[in-house]
Amino acid sequence: MQQELARKRHWTLADIPWPQFDAAKVDAETLKIVKAAAMVEHNGGDYGTYLCNVFHDDPEFQAVARNWAEEEVQHGQALAQWARLADPDFDFAVRFKRFADGYKIATEATASIRGSRASELVARCIVETGTSSYYTALGEAVDEPVLKEICRNIAADEHRHYKLFYDHLRRYLKSEKLGRLRRLAVALGRLRESEDDELAFAYFAANEPADGSYERKRFNAAYARRAYAVYRLRHVERGVAMALKAAGLKANGRIHAWLARLGFAFLNFRSRRLAATRA
């Protein structure tokens with residue numbers, strides 16, 4: 001019984017080896033995207049509220065959504081604590097308020113903005129695909145040992161979250177006949193949103209001076225240049241497989257291989273082009 005409980009126990013901030021922090025291995029450019037990520041992850045509470053409203057008569061899923069939101073907030077806390085070690089002048093509370101005041105989600109919504117609950121779950125799977133791949137890539141790219149451990153924990157959580165949302169997607173597909181074309185459209189739509197205001201504004205709120213002004217294109221480019229550079233082909237291959245599965249398509253084979261190569265080429269090209277323009 002004790003072993004079973006230990007397996008189910010989720011990591012806490014106390015489990016992070018903070019004394020191993022090595023300031024000499026902090027990369028200034030990586031620090032910027034970690035600060036931005038802390039904003040987005042810590043905002044999980046609002047997304048949890050939105051999901052509970054959408055699934056208002058499904059207590060089983062609401063319990064999952066609340067636990068998911070708590071873990072997302074913890075991700076933000078861990079990243080923020082690391083950022084404060086790397087930059088003692090980083091005031092997370094002030095910066096997060098700036099982000100939360102300027103970026104709002106529809107917490108008052110009572111129906112999915114995706115059109116159906118199954119569509120909402122497809123979109124959530126795509127989000128977890130992206131975050132699982134990103135934190136895996138980031139953790140492998142950095143040298144600082146504490147950040148490596150944080151990224152490892154977050155990546156594992158995000159992969160587990162994907163499985164949770166996918167399990168509930170399968171449940172809802174029994175009553176909501178969402179075809180593959182529609183699932184694919186939702187997945188592609190959510191992928192396109194990866195360059196929307198959320199990440200760009202998070203980068204702005206986390207890194208710009210208080211008197212700075214927000215320019216979506218500028219800060220989107222600044223975030224993308226630094227974040228896309230951490231990916232390797234293996235990370236994209238894994239992400240494409242997860243996305244195809246959520247869309248109801250075969251997660252391996254020629255389509256998977258072609259999309260993975262295309263996706264990696266795009267990320268690599270965009271990162272290098274932005275680096276050349278000093279975004």
Side-chain angles (χ1 to χ4, degrees), residues 36-37 39-41 43-55 61 64-65 68-69 71-72 75 103-107 109 111-137 154-155 157-173 176-203 216 220 223-224 227-228 231 235-251 255-256 259-260 262-264 266-267 270:
M39 305 285 128
V40 176
E41 296 289 333
N43 204 34
D46 278 356
Y47 281 101
T49 298
Y50 163 75
L51 288 173
C52 284
N53 287 343
V54 170
F55 293 85
F61 181 77
V64 168
W68 166 83
E71 292 183 0
E72 295 293 301
H75 296 169
Y103 182 81
K104 304 288 187 182
I105 66 170
T107 54
S112 172
I113 61 174
R114 311 290 170 185
S116 70
R117 291 179 175 182
S119 294
E120 183 65 45
L121 291 167
V122 170
R124 294 318 312 170
C125 285
I126 296 303
V127 172
E128 303 306 320
T129 294
T131 52
S132 174
S133 300
Y134 175 63
Y135 285 108
T136 298
I154 295 178
D157 281 352
E158 305 294 19
H159 189 256
R160 177 169 47 81
H161 294 164
Y162 172 91
K163 291 179 178 179
L164 285 172
F165 286 127
Y166 184 76
D167 286 345
H168 284 276
L169 168 62
R170 293 178 62 189
R171 179 163 67 91
Y172 270 91
L173 286 174
E176 297 181 7
K177 305 303 180 182
L178 195 67
R180 289 180 179 176
L181 285 178
R182 177 56 188 161
R183 287 169 69 176
L184 181 60
V186 172
L188 290 174
R190 190 60 188 84
L191 283 171
R192 285 194 298 270
E193 290 174 23
S194 64
E195 293 204 0
D196 66 5
D197 271 320
E198 184 175 29
L199 290 170
F201 193 77
Y203 187 92
R216 176 180 176 178
N220 181 281
Y223 174 83
Y228 291 176
Y231 285 95
H235 307 129
V236 180
E237 287 175 335
R238 182 167 177 256
V240 168
M242 293 168 69
L244 287 173
K245 182 178 178 181
L249 301 173
K250 189 177 180 180
I255 292 178
H256 166 264
L259 288 175
L262 182 65
F264 178 65
F266 167 77
L267 293 177
R270 182 148 164 71

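Worth knowing before you read on, the calculation uses all heavy atoms, side chains too, and leaves out hydrogens, waters and symmetry mates. This chain uses plain numbering: 1 for the first residue, then up along the sequence.
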### Message
Nearest 0.5 angstrom please: Cys125 SG to Met242 CE, how far?
### Response
8.0 Å

### Query
Any sub-3.5 Å donor-acceptor pair from His256's side-chain atoms to Glu237's backbone N or O?
yes

### Task
Please name the pair of heavy atoms, one in Val186 and one in Ser119, separated by the smallest distance, quoted to 0.1 Å.
CG1-O, 3.4 Å

### Query
With ring centroids as reference points, do Phe201 and Tyr103 lie under 6.0 angstrom apart?
no

### From OG (Ser132) to CD1 (Ile154), nearest 0.5 Å
11.0 Å

### Ala69 versus Gly48, closest heavy-atom pair with distance
CB-CA, 3.9 Å

### Query
If only atom types and distance count, is the side chain of Ser133 paired as donor or acceptor with the main-chain N or O of Gly130 below 3.5 Å?
no

### Task
Could you tell me how the ring of Phe61 sits relative to the ring of His168: parallel (under 30°), tilted (30 to 60°) or perpendicular (over 60°)?
perpendicular

### Residues in side chain to side chain donor-acceptor pair (under 3.5 Å) contact with Tyr135, at least two apart in sequence or another chain
Glu41

### Message
Any non-hydrogen side-chain atom of Ile255 less than 4.5 Å from a side-chain atom of Leu249?
### Response
no

### Query
When you measure from the centre of the six-membered ring of Tyr47, is the NZ or CZ of Arg124 under 6.0 Å away and within 45° of the axis?
yes

### Query
Where is the tightest heavy-atom contact between Arg183 and Lys245, given as atom of each residue plus distance?
NH2-O, 3.5 Å

### Query
How far does OH of Tyr231 sit from CG of Leu267, to the nearest 0.5 angstrom?
7.0 Å

### Task
Compare all side-chain heavy atoms of Arg238 with those of Thr136 and state whether any distance is below 4.5 angstrom.
yes

#### Entry: Check: Glu128 side chain, His159 main-chain N or O, donor-acceptor pair, under 3.5 Å
no

### Query
Do Tyr223 and Glu198 have a side chain donor and acceptor closer than 3.5 Å?
no

### Query
Can you tell me how far the CG atom of Leu169 sits from the CG atom of Leu178, to the nearest 0.5 Å?
7.5 Å

### Heavy-atom closest contact (Arg114 atom, Arg190 atom, distance)
NH2-CD, 3.3 Å

### Query
Roughly how far, to the nearest 0.5 Å, is CG of Asp46 from CG of Leu51?
11.0 Å

### Query
Any idea how Tyr166 and Tyr162 line up, ring-wise: parallel (<30°), tilted (30 to 60°), or perpendicular (>60°)?
parallel

### Task
Using modelled atom types only, decide if a donor and an acceptor are shared between the side chain of Arg180 and the backbone of Gly248 within a distance under 3.5 Å.
yes

### Query
Does any N or O in the side chain of Thr49 come within less than 3.5 Å of the main-chain N or O of Gly45, such that one atom is a donor and the other an acceptor?
yes

### Message
Please check this pair: side chain of Asn53 against backbone of Thr107, looking for a donor-acceptor N/O pair closer than 3.5 Å.
### Response
yes

### Query
Do Leu173 and Leu121 come close enough that some side-chain heavy atom pair is under 4.5 Å?
no

### Query
How are the rings of Phe266 and Tyr228 set relative to one another: parallel (under 30°), tilted (30 to 60°) or perpendicular (over 60°)?
tilted

### Query
From Asn43 CG over to Met39 CE, what is the distance, rounded to the nearest 0.5 angstrom?
10.0 Å

### Query
Under 4.5 Å between any side-chain heavy atoms of Glu158 and Glu72, yes or no?
yes

### Query
Does CG in Leu188 sit with more than 12 non-hydrogen atoms of other residues, nucleotides or ligands closer than 6.0 Å?
yes

### Query
Can you name the nearest heavy-atom pair linking Ala246 to Val122, along with the distance?
O-CG2, 3.9 Å

### Task
Decide side-chain contact (heavy atoms from CB on, under 4.5 Å) for Leu259 and Leu244; before the verdict, give the C-alpha distance in whole Å, the side-chain angles of both, and the deciding distance to 0.1 Å.
CA-CA 10 Å; Leu259 288 175; Leu244 287 173; 3.9 Å; yes

### Task
Provide the closest heavy-atom pair for Val40 versus Ala202 in the form atom of the first, atom of the second, distance.
CG2-CB, 3.7 Å

### Task
Determine whether Val127 and His161 make a side-chain contact, defined as any pair of heavy atoms from C-beta on separated by less than 4.5 Å.
no

### Message
Parallel, tilted or perpendicular: which one describes the rings of Trp68 and Phe165, with boundaries at 30° and 60°?
### Response
perpendicular

#### Entry: is_close_aromatic(Tyr172, Phe55), centroid dist under 6.0 Å
yes

### Task
Side-chain contact test, heavy atoms from C-beta onward, threshold under 4.5 Å: evaluate it for Arg117 versus Ser112 and give yes or no.
no

